[in-house]
Amino acid sequence: TAYLVSASCGEILLWQLSEVGLAAKSSEGEKLVYSPLFKFPMDAAFGECTVACHPPTYLNKILLGSSTGALELWNVRSKERIHRFAAPALQTEDRSGVSCLCEAPALDIVAVGFASGRIILLHAREDRVIMEFKQVQGRVTALSFRTGPGAPSHLVSGAPNGAFAVWDLDKQRVHHVHDGAHRGPLSTATFLPGQPLLLTSGRDNAIHMWIFDTADGLPRPLRSRTGCPGPARRMSFYGANNDKELIVGGGAFGDGFVAKISFILDQQNREYAQTEASKIPAVVKGVHAWSSRLPPVIDLAFCEVRHYDWPAIITAHERVEVAFLWSAWHQALAPKVFKPSDPRECAPVTAVAISACGNYCVLGLENGMLHRFNVQSQLHRGLIPRPKQDGVEPRSGGAKRRKAETLRAHRGRVCGVVITVSGQVVSLAASPQDCQLRIWSLMSHEALASIPLESGRGGSPSGLLMRASGSLVAVSLDDGALLVVDLSGLAVVRSFLCGVPATDVAFSGDGRWLPA
């Protein structure tokens with residue numbers, strides 16, 4: 001007879017899986033409601049059940065661990081408690097909960113991991129602790145024993161910082177600590193039966209295989225499958241065929257990432273390396289506090305035409321006054337940044353765009369300014385619009401200073417920038433006082449046109465985001481409106497009331513459909 005044990009909010013239920021299979025065959029498609037076979041009568045001192053395991057040769061018995069650190073052995077067939085463990089090492093002052101259980105290859109031995117980082121090997125039949133370890137990385141998230149002929153007596157434990165530790169049970173000490181195996185907590189670690197192969201997975205949406213074949217018995221990476229380590233904020237198809245790869249930018253665990261997702265082979269999925277972040281000059285604001293990773297990505301633009309020529313992926317990050325450059329060919333961050341030369345013109349970058357030729361990019365700042373740069377040399381090519389010759393005032397020493405009021409393209413934060421094929425820069429601001437699309441010349445920086453977006457609408461809406469396809473531009477407003485603007489006719493040609501603001505929109509390949 002097969003049983004299933006489930007626990008939630010202090011309630012532990014027993015289900016009989018054999019009856020579920022028979023009922024499914026006899027019902028022939030009818031909807032059935034299954035009832036639990038038994039509810040475990042746990043007392044208040046036990047707390048909530050956090051983990052369970054079935055030790056080998058313990059027929060119809062299950063070991064339950066609780067949030068108070070208690071361990072109990074139950075018989076699911078007779079529906080009664082067999083034993084409550086009272087080993088001295090289980091009764092501690094911190095009363096930390098049991099976070100992990102793992103049965104050992106040896107009979108009657110169970111490894112118990114606690115939220116405080118304690119690991120004990122418990123002899124279940126004699127109710128005594130054989131040995132104890134302390135994981136300084138914190139909570140024990142996973143446990144696994146290595147098996148196989150001639151294999152060393154090793155126990156692997158997972159940590160919330162993404163590391164795993166290898167414990168030598170013969171010498172009763174730590175053998176190796178592998179830091180940075182995953183971004184974020186390590187959720188599972190399992191040795192393949194009879195093989196020196198360890199599988200680990202974490203909250204970073206990755207699974208890695210490690211092999212223990214070195215002379216000193218240390219693990220090395222063998223294979224891996226990775227996806228986006230966190231929620232994606234910007235994504236777009238990349239490549240000549242425009243349907244086989246996806247460039248994704250976002251944030252995970254407080255850090256940013258840029259990754260490539262392949263629709264052909266999963267092993268081609270890669271997260272771009274950020275090792276060059278340490279080479280970025282310290283004069284860049286905030287870099288000294290980032291350790292080895294950049295903040296979350298908020299905007300992304302690229303030009304696949306320059307894939308083999310120079311880095312042509314540009315990203316904007318949270319509360320950072322520079323834009324960063326990535327290489328799709330090397331799949332890594334380049335030690336180059338885009339930053340205005342005048343410190344008075346600096347502000348956090350909120351939007352980025354790159355030209356179709358890959359030579360120029362435009363940055364939109366939080367203070368409403370637009371800056372143009374050369375992508376290959378990272379040289380600053382000026383503000384959009386250019387300051388007027390008479391718009392200067394004297395400064396001490398005879399030098400001249402531009403008036404800041406004449407240098408702003410918008411009155412509020414720039415939330416979207418697009419460079420069209422015809423060499424026009426289209427920008428949008430998230431400000432009720434500046435709810436309009438502004439069109440500029442990419443080379444001369446002159447204002448070409450302005451298209452109001454609040455005409456015929458009540459209140460004072462402001463822009464949220466902007467996406468372009470050819471001469472059509474989709475704009476989402478904070479009042480729930482979705483507008484389609486024709487740049488050739490300089491007018492709003494479609495208006496949709498979505499009820500709630502659209503968080504993202506995209507054009508179909510032929511420009512006839514607009515999912516939001």
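Position 1 is the first residue of the sequence, and the numbers go up from there. Side-chain atoms are counted along with the backbone in the values below, which use heavy atoms only and exclude waters and symmetry mates.
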(request) Would you mind checking if Arg183 and Glu271 are paired as a salt bridge, meaning a charged N to carboxylate O distance below 4.0 Å? (result) yes
(message) Using a 3.5 Å distance criterion without hydrogens, assess whether the side chain of Ser67 forms a donor-acceptor pair with backbone atoms of Gly47.
(response) no
(request) Drop me the distance from Lys171's NZ to Ser153's OG, to the nearest 0.5 angstrom. (result) 11.5 Å
(message) How close do Ala252 and Pro229 get, counting heavy atoms only, and between which atoms?
(response) CB-O, 3.3 Å
(message) Checking Ser377 now: which residues fulfil side chain to side chain donor-acceptor pair (under 3.5 Å) with it, not counting sequence neighbours?
(response) Asn374
(message) Under the rule for side chain to side chain donor-acceptor pair (under 3.5 Å), what residues qualify as partners of Ser6, not counting sequence neighbours?
(response) Trp15
(message) Under the criterion salt bridge (Lys or Arg N to Asp or Glu O under 4.0 Å), I'd like the reasoning laid out for Asp127 against Arg84: C-alpha separation, chi angles, the key distance, then a yes or no.
(response) CA-CA 9 Å; Asp127 192 3; Arg84 173 176 289 178; over 6 Å; no
(request) Of all the heavy-atom pairs spanning Ala142 and Ala189, show the shortest one and how long it is. (result) CB-N, 3.5 Å
(message) Does this structure show an ion pair linking Glu132 with Arg118, if we count only N-O contacts that are shorter than 4.0 Å?
(response) yes
Donor-acceptor pairs under 3.5 Å, side chain of residues 326-338 to any protein atom, not counting sequence neighbours: which ones?
unit_1	atom_1	unit_2	atom_2	d
Trp326	NE1	Thr315	OG1	2.8
Ser327	OG	Trp329	N	3.4
Ser327	OG	His330	N	3.1

(request) Give, for atom SG of Cys49 and atom CD1 of Ile12, the distance between the pair rounded to the nearest 0.5 Å. (result) 4.0 Å
(message) Is it the case that over 12 heavy atoms from other parts of the model lie below 6.0 angstrom from the CZ atom of Arg77?
(response) no
(request) Give a yes or no answer on whether the side chain of Gln274 reaches the backbone of Leu294 with a donor-acceptor pair at less than 3.5 Å. (result) yes
(message) Please give me the minimum heavy-atom distance between Tyr3 and Val76, naming the atom from each residue.
(response) CD1-CG2, 3.9 Å
(message) I need the Leu265 CG to Arg225 CZ distance, nearest 0.5 Å.
(response) 9.0 Å
(request) Any chance you could measure Cys361, atom SG, to Leu325, atom CG, to the nearest 0.5 Å? (result) 8.0 Å
(request) Can you see which heavy atom on Leu143 is nearest to which on Ser157, and at what distance? (result) CD2-CB, 3.6 Å
(request) State whether the side chain of Ser476 and the backbone N or O of Pro501 hold a donor-acceptor pair below 3.5 Å, judged by distance alone. (result) no
(request) Report the C-alpha separation of Ser66 and Thr68 in whole Å, then their side-chain angles, then the decisive distance to 0.1 Å, and conclude whether the side-chain hydrogen bond (donor to acceptor under 3.5 Å, both in side chains) test is met. (result) CA-CA 5 Å; Ser66 74; Thr68 61; 2.9 Å; yes
(request) Could you list the residues that satisfy side chain to side chain donor-acceptor pair (under 3.5 Å) with Ser427, not counting sequence neighbours? (result) His410, Trp440
(message) Salt bridge check, Lys339 against Glu345: does any charged N sit closer than 4.0 Å to a carboxylate O?
(response) no
(message) Please check: side-chain N/O of His317 versus main-chain N/O of Pro295, any donor-acceptor pairing under 3.5 Å?
(response) yes
(request) Looking only at non-hydrogen atoms, find the nearest pair between Asn367 and Met369 and report the distance. (result) OD1-N, 3.1 Å
(message) When you compare the side chain of Leu198 with that of Thr200, does any pair of heavy atoms fall below 4.5 Å?
(response) yes
(message) Evaluate Leu13 against Glu11 for side-chain contact (heavy atoms from CB on, under 4.5 Å), listing each step before the verdict.
(response) CA-CA 7 Å; Leu13 302 177; Glu11 186 179 54; 3.9 Å; yes
(message) Between Ser431 and Ser462, is there a side-chain donor-acceptor contact under 3.5 Å, judged purely by atom types and distance?
(response) no
(request) Report the residues that fulfil side-chain contact (heavy atoms from CB on, under 4.5 Å) with Arg467, sequence neighbours left out, ordered by chain and then residue number. (result) Arg234, Leu465, Asp504, Val505
Determine all donor-acceptor pairs shorter than 3.5 Å in which one atom belongs to a side chain in residues 50-59; sequence neighbours excluded.
unit_1	atom_1	unit_2	atom_2	d
Thr50	OG1	Gly65	O	3.3
Thr50	OG1	Val98	O	2.5
His54	ND1	Tyr58	O	3.4
His54	ND1	Lys61	O	2.6
Tyr58	OH	Asp108	OD1	2.8

(request) Report yes if the side chains of Leu197 and Leu222 come closer than 4.5 Å at any heavy-atom pair, otherwise no. (result) yes
(message) Please enumerate all residues that pass side-chain contact (heavy atoms from CB on, under 4.5 Å) together with Thr350, with sequence neighbours excluded.
(response) Glu366, Arg413, Val414
(message) In the structure I gave you, are the side-chain heavy atoms of Tyr360 and Ile354 within less than 4.5 Å of one another anywhere?
(response) no
(request) Apply side-chain contact (heavy atoms from CB on, under 4.5 Å) to Ala159 and list each qualifying residue two or more places apart in sequence or on a separate chain. (result) Gln135, Gln137, Asn161
(message) Looking at every non-hydrogen atom in both residues, tell me the closest pair between Ala429 and Cys415 and how far apart they are.
(response) C-SG, 3.9 Å
(request) Mind checking the OG-CG spacing from Ser224 to Asp266? Nearest 0.5 Å is all I need. (result) 11.0 Å
(message) Working note: Arg220 + Asp213, criterion side-chain contact (heavy atoms from CB on, under 4.5 Å); need CA distance, chi angles, decisive distance, verdict.
(response) CA-CA 8 Å; Arg220 63 179 180 89; Asp213 62 348; 2.7 Å; yes
(request) Run the numbers on Ser8 and Glu48 for side-chain contact (heavy atoms from CB on, under 4.5 Å), then give the verdict. (result) CA-CA 8 Å; Ser8 176; Glu48 295 185 6; over 6 Å; no
(request) For Asn269 and Thr226, run side-chain hydrogen bond (donor to acceptor under 3.5 Å, both in side chains): C-alpha distance rounded to whole Å, both residues' side-chain angles, the deciding distance at 0.1 Å, then the answer. (result) CA-CA 6 Å; Asn269 296 346; Thr226 60; 5.7 Å; no
(message) Does anything in residues 252-274 form a ring-ring contact (aromatic ring centres under 6.0 Å, His included)? List the pairs, not counting sequence neighbours.
(response) Phe237-Phe263
(message) For the backbone of Gly194 and the side chain of Thr147, can you confirm whether one donor and one acceptor N or O come within less than 3.5 Å of each other?
(response) yes
(message) Tell me if a side-chain donor or acceptor on Asp299 pairs with a main-chain N or O of Val352 at a distance below 3.5 Å.
(response) yes
(message) Does anything in residues 176-204 form a ring-ring contact (aromatic ring centres under 6.0 Å, His included)? List the pairs, not counting sequence neighbours.
(response) Phe164-His178, His176-His178, His178-Trp210, His182-His208, Phe191-Phe212
(request) Can you tell me which residue pairs pass the ring-ring contact (aromatic ring centres under 6.0 Å, His included) test with a partner in residues 129-162, sequence neighbours excluded? (result) Phe133-Trp167, His154-His175
(request) Mind checking the CG-CZ spacing from Leu300 to Arg233? Nearest 0.5 Å is all I need. (result) 12.5 Å
(request) Please examine the side chains of Phe40 and Arg81, heavy atoms only from C-beta on, and report whether any two atoms are closer than 4.5 Å. (result) no
(request) Kindly say whether Arg139 contributes a backbone atom to a donor-acceptor pair with the side chain of Ser99 at under 3.5 angstrom? (result) no
(request) Applying side-chain contact (heavy atoms from CB on, under 4.5 Å), name anything that partners Ser78, two or more places apart in sequence or on another chain. (result) Asn75, Glu80
(request) Could you give me the CA-CA distance, side-chain angles and deciding distance for Leu101 and Leu71, then say whether side-chain contact (heavy atoms from CB on, under 4.5 Å) is met? (result) CA-CA 10 Å; Leu101 291 174; Leu71 280 174; 4.1 Å; yes
